[in-house]
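Residues take their numbers from the sequence shown, with the count starting at 1.
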Amino acid sequence: MKLTNSIFAINYVDRNHLQTRKTRLVASDMDGTLLDPLSHISEENANAIRELQQSGAEFVICSGRAYSGAHPIVSGAGIRCSYICLSGA
């Protein structure tokens, strides 16, 4: 599964047992990563995030934005997730 703009959900490999493990969590920044130049989440990214969540993985927004600046954009794309916001996110 690929999210555009440099976000990838990668299955981790247990090198000791050579087994592929299911992705548990994907965290993404917003500006310059998840958002397009108009500060929107593309339909392709939104669909990939929903597919990721339906597989049982968590999706988390990590942004220097305040929650009040991040949530409307994310929820407007139909995505429900957790947030890590503000300084140091």
task = Would you please test Val26 and Val60 for side-chain contact (heavy atoms from CB on, under 4.5 Å) and show each step?
result = CA-CA 6 Å; Val26 172; Val60 179; over 6 Å; no

request  = Supply the atom-to-atom distance Ile49 CD1 to Glu44 CD, rounded to the nearest 0.5 angstrom.
outcome  = 11.0 Å

inquiry  = If I take atom CG from residue Leu52 and atom CZ from residue Phe59, how far apart are they, to the nearest 0.5 angstrom?
reply    = 8.0 Å

message = Just verifying a value: how many Å separate Gln54 CD and Asn47 CG, rounded to the nearest 0.5 Å?
response = 9.5 Å

request  = Report the C-alpha separation of Val74 and Cys81 in whole Å, then their side-chain angles, then the decisive distance to 0.1 Å, and conclude whether the side-chain contact (heavy atoms from CB on, under 4.5 Å) test is met.
outcome  = CA-CA 8 Å; Val74 176; Cys81 66; 3.9 Å; yes

ask   = Does Ser39 have any side-chain contact (heavy atoms from CB on, under 4.5 Å) partners at least two apart in sequence or in another chain, and if so, which?
value = Leu35, Arg65

ask   = So, does Lys22 use its side chain to make a donor-acceptor pair with the main chain of Ser55 at under 3.5 Å?
value = yes

Euclidean distance, Arg50 CZ relative to Asn45 CG, rounded to 0.5 Å = 10.5 Å

note = All heavy atoms of Ser28 vs all of Leu34, minimum pair found to be OG-CB, 3.7 Å

query = Any donor and acceptor pair, going by atom type alone, linking the side chain of Thr33 with main-chain N or O of Asp29 inside 3.5 Å?
reply = no

ask   = If every non-hydrogen atom of Ile41 is compared with every non-hydrogen atom of Ala46, which pair is closest and at what distance?
value = CG2-N, 3.9 Å

request  = State the CD-CD distance between Glu58 and Gln53, to the nearest 0.5 angstrom.
outcome  = 7.5 Å

request  = Report the C-alpha distance between Cys62 and Ile84 in whole Å, list the side-chain angles of each, state the deciding distance to 0.1 Å, and finish with yes or no for side-chain contact (heavy atoms from CB on, under 4.5 Å).
outcome  = CA-CA 5 Å; Cys62 298; Ile84 300 171; 3.8 Å; yes

